[in-house]
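One structure is given below, encoded as structure tokens.
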Amino acid sequence: MSEEKSLNFLEEIVETDLNAGKYSSIITRFPPEPNGYLHIGHSKSICLNFGLAAKYGGSTNLRFDDTNPVTEDTEYVESIKEDIQWLGFQWSNEFYASDYFDQLYAFALQLINKGLAYVDDSTSEEIAALKGTPTEPGKDSVNRSRTIEENLQLFQEMKEGKYKDGEKVLRAKIDMAHTNMLMRDPIIYRIKHAHHHRTGDKWCIYPMYDFAHGQSDSIENITHSICTLEFIPHRELYDWFISQLNIFPSHQYEFARLNMTYTVMSKRKLLQLVNEGFVNGWDDPRMPTISGFRRKGFTPASIRNFCERIGVAKRENLIDLSLLEFCLREDLNLTAKRAMAVLDPVKLIIDNYEDGKTEYLKSENGPDDTLGHREIPFGKELWIEREDFMEEPAKKWFRLAPGAMVRMKSAYIVKCTSFEKDEKGEITAIHCTYFPESKSGQDTSGIAVKGTMHWVSVPHAVKAEVRLYDRLFRVENPASEEGDFKDYINPESLVVIHNAYVEPSLVSATLQDRYQFIRKGYFCLDKDATSNHLIFNRTVTLKDTWSKEMKA
RNA sequence: UGGGUUAUGGUGUAACGGUAGCACUACAGAUUUUGAUUCUGUCUGUCUAGGUUCGAAUCCUGGUAACCCAACCA
């Protein structure tokens with residue numbers, strides 16, 4: 001009984017090609033422009049490109065699409081490489097479109113010699129004016145009929161730096177009346193007297209995306225060049241260059257990009273969030289960047305699994321954030337170490353427990369035995385969560401209330417006897433008695449309680465800062481709302497708690513550790529933490545059916 | 001008054017002319033020393049109107065809706 005998992009449309013294309021003997025093996029590529037940080041949408045593309053090659057025994061190149069020197073920088077190159085590796089992928093080759101500038105220049109010469117490219121002196125406004133509109137054809141530029149010799153001469157001069165930015169461009173000679181706007185004599189080279197992060201000042205003319213991408217794919221023998229839907233109109237041009245140049249026929253296939261609820265994905269919008277101070281940098285844990293998710297405590301496996309589950313197709317989509325959170329919790333539940341931390345402390349005093357006594361109690365580190373156990377100190381005074389006590393309990397309340405009994409996790413059952421309030425009506429202490437025979441693991445008390453609570457021993461507690469992150473936006477699709485998307489930012493996307501108490505074992509937490517603070521969620525150490533100032537980020541909350549019930 | 005792409009439960013994604021399935025979400029129940037986890041169950045779907053066919057989500061025709069295309073960005 002072999003249950004065939006159905007293939008996605010890209011896998012079908014690859015299998016068809018392989019079965020037909022079109023290729024002996026496949027090569028894909030991930031082609032970011034090094035002008036920004038990678039986000040969760042890129043991870044879909046990364047998983048697709050690397051995943052496809054891995055599944056069919058092929059290879060994947062990392063190629064930086066660095067054809068626009070004014071927006072690109074090595075800082076981005078480094079962060080992109082780090083993010084891909086963190087996700088768990090390794091490229092076969094690290095290439096740059098700029099590696100091919102000489103070859104691309106030679107391709108341009110070939111086109112000119114074939115009478116298929118010309119130098120245009122028109123301004124960008126003039127070019128736009130003659131371009132026509134989607135419903136009206138364009139008109140030929142007066143420079144369209146220049147001779148091959150003249151074009152060769154002029155293009156040479158462009159390369160030599162004889163002209164200023166914008167003075168001249170090289171255009172492909174195709175069809176100014178084409179229904180595809182991109183085929184109306186697209187610009188293929190422009191003049192930019194700018195320093196390139198890799199080629200320095202060698203060039204002052206740079207190829208446009210359309211003249212670089214397909215040919216770069218071809219140079220690398222990329223068999224399947226996959227990209228997002230908005231490039232569909234470019235495919236015709238992509239194929240035209242490959243055909244005219246008679247080079248290796250790479251093929252472009254398009255899929256729908258990832259969109260996710262409660263966030264934005266466009267580079268422009270993310271840049272605004274950073275530049276206008278709505279978040280603290282590209283790796284702010286509220287950002288949908290890979291570095292943001294990393295800092296927030298996400299695991300690479302959870303993101304890969306998410307990309308696997310969302311599938312791939314050609315229709316627009318808006319993926320529910322809860323699926324990502326599900327994948328995260330699924331992973332963290334099995335791997336995160338359990339610990340106890342009290343975020344909003346109030347003191348619990350066990351009146352019949354011996355003064356000054358400390359007992360070390362055994363507590364499990366994980367959902368099963370694989371993560372082992374640890375010993376945690378217990379005593380007369382404990383910090384507990386303020387929200388775990390109700391003076392007048394709600395119905396179906398299984399936590400602490402006057403006269404109520406609960407189990408302190410891994411310790412004893414206690415019964416609330418009284419509580420103290422200050423003049424403002426705030427609870428300042430809760431008094432209990434404990435049942436010595438109810439000790440965890442050796443309970444002979446016969447008492448059954450519904451609630452179990454986490455706690456931290458007062459004299460052993462370690463103070464910590466805890467950063468509670470929530471979704472960045474209040475609405476599912478901020479990009480589609482009226483007005484400025486920034487008006488929909490969730491004002492409580494970050495709540496900082498300065499005086500939380502955590503169990504002493506947490507002083508040795510490292511940046512790699514993942515914790516479940518029992519009953520509170522998953523947390524990790526933040527990179528801002530120091531040895532005497534612990535800072536934990538909330539990665540994600542636990543599922544919480546109780547608070548839902550309370551609201552209802 | 002152009003061209004291109006896409007329409008399947010709330011959200012994603014399968015079914016390739018032959019029983020509309022899976023996951024997430026939501027809801028209900030069981031178990032639980034985390035109101036977590038785990039387990040069980042429930043709700044909800046083929047854009048629309050015709051046509052072809054024994055049989056249509058799938059093929060055909062006409063509508064409708066959404067998205068993309070007029071950067072010397074990628």
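Below, each value reflects all heavy atoms present in this structure, side chains not excepted, and no hydrogens, waters or symmetry copies. By convention in this document, chain letters (A, B, ...) are assigned in the order of the sequence lines, proteins followed by strands, and residues within each chain are numbered from 1. No experiment lies behind these values; they were computed from the predicted model shown.
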Can you check the [X] [atom1] to [N] [atom2] distance for me, whole Å?
{"X": "A:K337", "N": "B:A36", "atom1": "NZ", "atom2": "C1'", "answer": "20 Å"}
{"X": "A:Q252", "N": "B:A74", "atom1": "CD", "atom2": "P", "answer": "15 Å"}
{"X": "A:K548", "N": "B:A36", "atom1": "NZ", "atom2": "P", "answer": "10 Å"}
{"X": "A:R184", "N": "B:C72", "atom1": "CZ", "atom2": "P", "answer": "14 Å"}
{"X": "A:M260", "N": "B:U11", "atom1": "CE", "atom2": "P", "answer": "17 Å"}
{"X": "A:H213", "N": "B:C73", "atom1": "NE2", "atom2": "P", "answer": "17 Å"}
{"X": "A:E230", "N": "B:G4", "atom1": "CD", "atom2": "P", "answer": "19 Å"}
{"X": "A:Y238", "N": "B:G4", "atom1": "OH", "atom2": "C1'", "answer": "19 Å"}

> Where are the stems of RNA chain B, defined as at least 3 consecutive Watson-Crick or wobble G-U pairs with both distances under 3.5 Å?
Replying inline: B:2-7 with B:64-69, B:10-13 with B:21-24, B:26-30 with B:38-42, B:47-51 with B:59-63
Could you work out which one of [options] sits closest to the side chain of [X]?
{"X": "A:L318", "options": "B:U6, B:A70, B:G12", "result": "B:G12"}
{"X": "A:S6", "options": "B:C67, B:A14, B:U25", "result": "B:A14"}
{"X": "A:P233", "options": "B:C73, B:C68, B:G2", "result": "B:C68"}

Between [M] and [N] - [atom1] atom distance, rounded Å:
{"N": "B:U52", "M": "B:A14", "atom1": "P", "value": "31 Å"}
{"N": "B:A49", "M": "B:U5", "atom1": "P", "value": "25 Å"}
{"N": "B:A65", "M": "B:U32", "atom1": "C1'", "value": "49 Å"}
{"N": "B:C73", "M": "B:A36", "atom1": "C1'", "value": "48 Å"}
{"N": "B:A57", "M": "B:U46", "atom1": "C1'", "value": "5 Å"}
{"N": "B:U6", "M": "B:U48", "atom1": "C1'", "value": "16 Å"}
{"N": "B:G55", "M": "B:A15", "atom1": "C1'", "value": "16 Å"}
{"N": "B:G29", "M": "B:A7", "atom1": "C1'", "value": "37 Å"}

Phosphate oxygens OP1/OP2 of [N]: is one of them under 4.0 Å from a side-chain N or O of [X]?
{"X": "A:R519", "N": "B:G35", "result": "yes"}
{"X": "A:R190", "N": "B:C73", "result": "yes"}
{"X": "A:T452", "N": "B:U32", "result": "no"}
{"X": "A:R315", "N": "B:U13", "result": "yes"}
{"X": "A:T545", "N": "B:A36", "result": "yes"}
{"X": "A:K192", "N": "B:C73", "result": "yes"}

> Which sits closer to the 5' end of RNA chain B, A:G311 or A:P31, going by the nucleotide each is nearest to?
Replying inline: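 Upstream on the strand: A:G311.
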>> On RNA chain B, does the nearest nucleotide to A:A256 precede the nearest nucleotide to A:K131 from the 5' side, or the other way round? Give the residue.
In response: A:A256
>> My understanding is that only one of A:R171, A:R144, A:K168 makes a salt bridge (Lys or Arg N to Asp or Glu O under 4.0 Å) with A:D120; could you say which?
In response: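 With A:D120 as partner, salt bridge (Lys or Arg N to Asp or Glu O under 4.0 Å) holds for just one option, A:R171.
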> So, do A:Y209 and B:A74 meet the stacking rule of ring centres under 5.5 Å and planes under 30°?
Replying inline: no
Across the strands shown, which category fits [X] at heavy-atom distances under 4.0 angstrom: base, sugar-phosphate, nothing?
{"X": "A:I187", "result": "base"}
{"X": "A:G441", "result": "base"}
{"X": "A:S124", "result": "base"}
{"X": "A:T71", "result": "nothing"}
{"X": "A:N180", "result": "nothing"}
{"X": "A:W455", "result": "nothing"}
{"X": "A:M453", "result": "nothing"}

Could you tell me whether the side chain of [X] and the main chain of [Y] form a donor-acceptor pair under 3.5 Å?
{"X": "A:H193", "Y": "A:Y163", "value": "yes"}
{"X": "A:R29", "Y": "A:D217", "value": "no"}
{"X": "A:E503", "Y": "A:V456", "value": "no"}

> When rounded to the nearest 0.5 angstrom, what is the spacing between CD in A:E72 and CZ in A:F64?
Replying inline: 10.5 Å
> side-chain contact (heavy atoms from CB on, under 4.5 Å) with A:M208: which of A:L170, A:V169, A:I187, A:T67?
Replying inline: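 Single side-chain contact (heavy atoms from CB on, under 4.5 Å) partner of A:M208 among A:L170, A:V169, A:I187, A:T67: A:I187.
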Any donor-acceptor N/O pair under 3.5 Å between [N] base and [X] side chain:
{"X": "A:H454", "N": "B:A36", "result": "no"}
{"X": "A:Q516", "N": "B:U34", "result": "yes"}
{"X": "A:R309", "N": "B:G12", "result": "no"}

> Hey, does the Lys NZ or Arg CZ of A:R471 hover above the aromatic six-ring of A:Y262, less than 6.0 Å from the centre and inside 45° of the axis?
Replying inline: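 Yes, A:R471 and A:Y262 form such a contact.
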>> For A:F435, does the six-membered ring have the charged nitrogen or CZ of A:K415 within the cation-pi criterion, i.e. under 6.0 angstrom from the centroid and within 45° of the normal?
In response: no
> Does A:F231 have its ring centroid less than 6.0 Å away from the ring centroid of A:Y209?
Replying inline: yes
> Can you say whether the rings of A:W203 and A:Y105 are parallel (under 30°), tilted (30 to 60°) or perpendicular (over 60°)?
Replying inline: tilted
>> If you apply the rule ring pair (Phe, Tyr, Trp, His ring centres under 6.0 Å), what do you find for A:F378 with A:Y353, and how did you get there?
In response: CA-CA 10 Å; A:F378 177 87; A:Y353 195 87; 5.5 Å; yes
